[in-house]
Every structure is written in structure tokens, then in C-alpha cells.
Amino acid sequence: MSNKHDSSRDHAISVDAISSERSESGDNVWTRRLVLFLRIMAVVSVAKGLYHWAQVTGFVGGEEDAFENQSLAWQASTIYFAVIELVAAVGLWLATPWGAVVWLITVVSMTVIELMFPAIYGGSLTIVAAEASMLTAYLVLAWMAARERPP
């Protein structure tokens, strides 16, 4: 008899768990979208960081594009982005607050370098627009995710 009582109680607990998961999933739509966006940005940050390391190590570019043939400002910027992009990627993948902050620093840094120091990477407005759109998407998703949490 106690076996029958235990199984009905377990069934009731599992049904409650399923129904509460369904209600939570509808309530946290923007939070899940934000986390998905952060994970996508983590993959992008890994790619950007590895690209910068490829520039440092000479895996991309020709003889004239070699790291040691570049200006000191270009070398410093490339090493900075090679490190900070990978740090941001880890934090973004884990969806930590510090990850978002480090990522925001990388976005703002690249935008500032492209706009104010065009001699370093060429001053590409396409990169500035891409960084601005990623920043805008993050701010919108963060805003919507914050609105769905109770005060």
C-alpha cells in the first residue's frame, strides 16, 4: 500500500514540476533570448579573438602584413583585442554580468579605434555600424529581460 501511495505522490510532484516549467518558460522569453544573444556574441568574440591571435602569430596575411612590420599602435591594439575578446567570450558564454561588461568594453574600444584612430585599422564605418547594431541589440534585449522580472 505504501508503494502505491509513494508512486502517486511522485506522479503529482512530476506533474507539478512540468506545469511550473511551462509557466516559467512563457514568463522568461526575453531572458532566454538575451542568453541566446550572449552565447552568439560569445562565438563571435571567440572568432574575433582567434583572428587577432592569427594576426599576431602570422597565420593570416602575407610577408608585408607580418606583425613585426606593423606600427606599434597596431601591434598594441591587436594584442589587446586578442586577449580581451577571448576573456569576453568566456563571460558571455556563462552569461555573467562581468562578461557583458568586458564585451561592452570591447565593442566601445573597437568603435573608438575605428572612429578616432583610423590609421590603426583603417577607420571602417562598416565595423562601426556592426558594433553599434550589436550594442543596440544587447541593450534592447537587456531592457526587455529586465522588464519581465518582478520589481
Side-chain angles (χ1 to χ4, degrees), residues 12-151:
I13 290 172
S14 65
V15 170
D16 286 341
I18 291 170
S19 64
S20 68
E21 285 176 18
R22 286 184 186 155
S23 67
E24 284 181 20
S25 67
D27 292 341
N28 296 326
V29 171
W30 288 104
T31 301
R32 286 185 294 131
R33 289 176 182 167
L34 176 61
V35 171
L36 177 63
F37 176 79
L38 293 176
R39 297 253 166 106
I40 292 169
M41 289 300 101
V43 172
V44 170
S45 289
V46 166
K48 288 168 62 179
L50 291 178
Y51 175 74
H52 288 291
W53 277 115
Q55 289 178 311
V56 170
T57 58
F59 281 110
V60 296
E63 191 70 29
E64 65 277 351
D65 295 330
F67 182 79
E68 56 273 356
N69 295 337
Q70 301 297 326
S71 69
L72 184 59
W74 187 92
Q75 290 175 349
S77 299
T78 301
I79 290 174
Y80 168 78
F81 285 112
V83 173
I84 200 166
E85 289 284 359
L86 296 178
V87 172
V90 171
L92 287 171
W93 188 264
L94 298 174
T96 61
W98 64 264
V101 170
V102 173
W103 177 74
L104 289 171
I105 290 170
T106 66
V107 167
V108 170
S109 298
M110 182 59 81
T111 302
V112 167
I113 285 176
E114 291 291 348
L115 288 176
M116 302 187 87
F117 304 101
I120 295 175
Y121 287 135
S124 172
L125 293 180
T126 305
I127 291 176
V128 171
E131 299 285 348
S133 65
M134 289 186 296
L135 177 60
T136 302
Y138 170 75
L139 292 174
V140 167
L141 289 168
W143 175 267
M144 297 304 287
R147 288 185 60 191
E148 71 184 6
R149 290 189 204 112

Sidechain-backbone polar pair: E131 side chain, M110 backbone, donor-acceptor under 3.5 Å: no
Trace of the side-chain contact (heavy atoms from CB on, under 4.5 Å) decision for L141 with W30: CA-CA 7 Å; L141 289 168; W30 288 104; 3.7 Å; yes
Check: A130 main-chain N/O paired with S133 side-chain donor or acceptor under 3.5 Å: yes
Residue that, paired with V56, satisfies side chain to side chain contact (heavy atoms under 4.5 Å, CB included) out of F67, F81, Y51: F67
Neighbour count >12 (heavy atoms, 6.0 Å) for atom CH2, W143: no
E64 CD to Q70 CD distance, which is reported to the nearest 0.5 Å: 9.5 Å
Verdict with reasoning, L92 to S45, per side-chain contact (heavy atoms from CB on, under 4.5 Å): CA-CA 9 Å; L92 287 171; S45 289; 3.9 Å; yes
Approximate separation, where rounding is to 0.5 Å, of E148 CD and N28 CG: 5.0 Å
N69 side-chain N/O to E63 backbone N/O, donor-acceptor pair under 3.5 Å: yes
Partner of Q55 by side chain to side chain contact (heavy atoms under 4.5 Å, CB included), out of I79, L50, D65, T78: T78
Close side-chain approach of W53 and L86, heavy atoms under 4.5 Å: yes
Gap between atom CG of L34 and atom CE of M41 - 0.5 Å precision: 11.5 Å
Candidate pair W98 and V87, rule side-chain contact (heavy atoms from CB on, under 4.5 Å), full reasoning: CA-CA 10 Å; W98 64 264; V87 172; 4.1 Å; yes
Any side-chain heavy-atom pair of L125 and L115 under 4.5 Å: yes
Euclidean distance, Y80 OH relative to E85 CD, rounded to 0.5 Å: 9.0 Å
Ring centers of W103, Y138 separated by less than 6.0 Å: yes
Sidechain-backbone polar pair: E114 side chain, S124 backbone, donor-acceptor under 3.5 Å: yes
Distance in Å, L72 CG paired with S77 OG, rounded so as to fall on 0.5 Å steps: 9.0 Å
Value rounded to 0.5 Å, distance of OG1 in T111 from CG in L135: 7.5 Å
